[in-house]
Every structure is written in C-alpha cells, then in structure tokens.
Amino acid sequence: MAEIYVAIRNQDRVAMSSVAGELILVLITCDGRFMGQQSASPRNAMATFFNLPAGKYTVIARHPLLQPAEARQDLELAINTIFGVRFIYNEPEHQLLNVETEVSYLL
C-alpha cells in the first residue's frame with residue numbers, strides 16, 4: 001500500500017489551513033473515482049491519505065476564496081510509495097503560486 005500527504009503553505013512556507021476562518025478542503029480521486037476528502041488540519045495544514053492502492057491519482061485543494069478556487073495535481077502512485085504534494089499560495093492575494101511534489105520509496 002501507499003500514501004499521499006498534502007501540505008498547504010503560504011508564500012513564507014508557513015502552514016495555511018484556512019482562509020477567512022474556513023478550512024481548506026483536500027480531496028483525492030483515483031482513475032476518476034472519488035477516494036476521500038479531509039479538511040486541512042488546523043494545527044499543521046496537512047491532510048494524509050493512508051493505505052492507498054497503486055494508480056493514477058488527482059489531488060485537489062479547494063476553497064472558494066482562493067484563486068483558483070480549486071487547484072489540482074495529477075500523480076501516479078506506485079506500491080510502497082509516499083507521495084507528497086505541497087500547494088503554495090500567496091496569502092494576501094489568495095493566489096496559487098506553485099505546486100511542489102516529492103516521492104519517497106519504502107523498502
């Protein structure tokens with residue numbers, strides 16, 4: 001099995017779990033099928049999805065006050081993999097600056 005962790009950060013790399021007091025929602029789909037959703041943790045602005053099968057995934061960060069209101073990252077998850085996705089927003093302007101990814105393989 002594998003896992004995906006998602007972090008939401010501002011332009012200074014500080015955790016950004018909410019906008020105007022409303023938490024950012026993180027969703028994942030696999031091969032077009034809905035697999036789960038979580039709000040970004042108020043403590044560290046992260047969402048983690050465990051015990052996922054291998055496949056082609058889309059990670060979505062969503063909040064109505066962000067621009068774009070929905071940001072997506074496609075990835076291919078292999079077995080025994082931890083895949084990290086970091087959405088980086090300009091907090092004052094509520095605009096997506098960048099999406100970063102990283103992959104670790106478990107032995």
Side-chain angles (χ1 to χ4, degrees):
M1 299 309 269
E3 58 189 64
I4 297 173
Y5 71 88
V6 181
I8 312 294
R9 299 293 181 257
N10 71 10
Q11 69 282 356
D12 297 322
R13 306 264 181 195
V14 175
M16 183 178 146
S17 61
S18 65
V19 178
E22 185 179 330
L23 293 173
I24 296 168
L25 185 63
V26 178
L27 304 94
I28 61 168
T29 64
C30 179
D31 298 321
R33 293 183 332 263
F34 175 79
M35 296 293 287
Q37 71 180 28
Q38 297 180 25
S39 294
S41 165
R43 172 171 274 167
N44 60 13
M46 292 186 69
T48 306
F49 300 89
F50 297 100
N51 299 319
L52 299 170
K56 293 182 180 184
Y57 284 81
T58 300
V59 177
I60 304 163
R62 181 183 289 167
H63 193 285
L65 297 178
L66 294 175
Q67 295 298 323
E70 181 176 286
R72 296 172 171 253
Q73 178 64 42
D74 294 325
L75 58 98
E76 189 155 346
L77 191 63
I79 210 72
N80 294 331
T81 302
I82 300 173
F83 206 110
V85 179
R86 186 177 303 116
F87 293 97
I88 302 172
Y89 287 92
N90 179 315
E91 195 167 13
E93 311 237 348
H94 300 278
Q95 291 186 328
L96 180 67
L97 294 176
N98 196 14
V99 179
E100 300 173 348
T101 61
E102 65 181 335
V103 181
S104 298
Y105 297 95
L106 304 173
L107 301 174

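The chain is numbered in sequence order, starting from 1.
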Visitor: Hey, could you give me the CE/SG distance between Met35 and Cys30, rounded to the nearest 0.5 Å?
Guide: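 Here the rounded value is 5.0 Å.
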Visitor: Short question: side chain of Asn10, backbone of Asp12 - any donor-acceptor pair under 3.5 Å?
Guide: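 A pair under 3.5 Å: yes.
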Visitor: Looking only at heavy atoms, what is the nearest atom pair of Ala61 and Ile8, with distance?
Guide: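 Where Ala61 meets Ile8 most closely, the heavy atoms are CB-CD1, 4.0 Å.
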Visitor: Passes side chain to side chain contact (heavy atoms under 4.5 Å, CB included), Leu66 versus Tyr89? Steps please.
Guide: CA-CA 8 Å; Leu66 294 175; Tyr89 287 92; 3.6 Å; yes
Visitor: Could you report the tightest heavy-atom contact between Ala40 and Leu23, atom names first, then the distance?
Guide: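 Residues Ala40 and Leu23, closest heavy atoms: O-CD2, 3.6 Å.
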Visitor: Between Gln37 (side chain only) and Leu25 (backbone N and O only), is there a donor and an acceptor less than 3.5 Å apart?
Guide: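 No: the side chain of Gln37 does not pair with the backbone of Leu25.
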Visitor: Would you name the heavy atoms of Ile79 and Met1 that are closest together and state the gap between them?
Guide: CD1-N, 3.6 Å
Visitor: Determine whether Leu97 and Gln11 satisfy the following criterion, side chain to side chain contact (heavy atoms under 4.5 Å, CB included), listing intermediate values before the conclusion.
Guide: CA-CA 8 Å; Leu97 294 176; Gln11 69 282 356; 3.8 Å; yes
Visitor: For the atom pair CZ (Arg86) and OG1 (Thr101), what is the distance rounded to the nearest 0.5 Å?
Guide: 9.5 Å
Visitor: Of the non-hydrogen atoms in Arg62 and Glu70, which two are nearest, and what is the gap between them?
Guide: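 Where Arg62 meets Glu70 most closely, the heavy atoms are NH2-OE1, 2.5 Å.
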Visitor: Are Ser17 and Arg43 close enough that some pair of their side-chain heavy atoms sits under 4.5 Å apart?
Guide: no
Visitor: For Phe34, look at atom CZ and say whether over 12 heavy atoms of other residues, nucleotides or ligands are found less than 6.0 Å away.
Guide: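 Enclosed.
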Visitor: Are the side chain of Gln38 and the backbone N or O of Thr48 linked by a donor-acceptor pair below 3.5 Å?
Guide: yes
Visitor: Are Ile82 and Tyr5 close enough, and set up right, to give a side chain to side chain contact (heavy atoms under 4.5 Å, CB included), and what steps lead you there?
Guide: CA-CA 8 Å; Ile82 300 173; Tyr5 71 88; 3.8 Å; yes
Visitor: Walk me through whether Val85 and Leu75 qualify under side chain to side chain contact (heavy atoms under 4.5 Å, CB included).
Guide: CA-CA 9 Å; Val85 179; Leu75 58 98; 3.8 Å; yes
Visitor: Let me know which of Ile4, Leu77, Thr29, Leu27 forms a side-chain contact (heavy atoms from CB on, under 4.5 Å) with Val59.
Guide: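 Testing Val59 for a side-chain contact (heavy atoms from CB on, under 4.5 Å) against Ile4, Leu77, Thr29, Leu27 leaves exactly one candidate, Ile4.
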Visitor: Taking all non-hydrogen atoms of both residues into account, name the closest pair between Thr58 and Asp74 and its distance.
Guide: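 Closest approach of Thr58 to Asp74: OG1-OD1, 2.7 Å.
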Visitor: Would you confirm whether His63, through its side chain, and Ala69, through its main-chain N or O, come within 3.5 Å as a donor-acceptor pair?
Guide: no
Visitor: Just by modelled atom types, is the Phe83 backbone N or O under 3.5 Å from a matching donor or acceptor in the Thr81 side chain?
Guide: no
Visitor: Please name the pair of heavy atoms, one in Ala78 and one in Ala2, separated by the smallest distance, quoted to 0.1 Å.
Guide: O-CB, 3.4 Å
Visitor: State plainly whether the residues Arg13 and Glu100 are in salt-bridge range, i.e. N to O under 4.0 Å.
Guide: yes
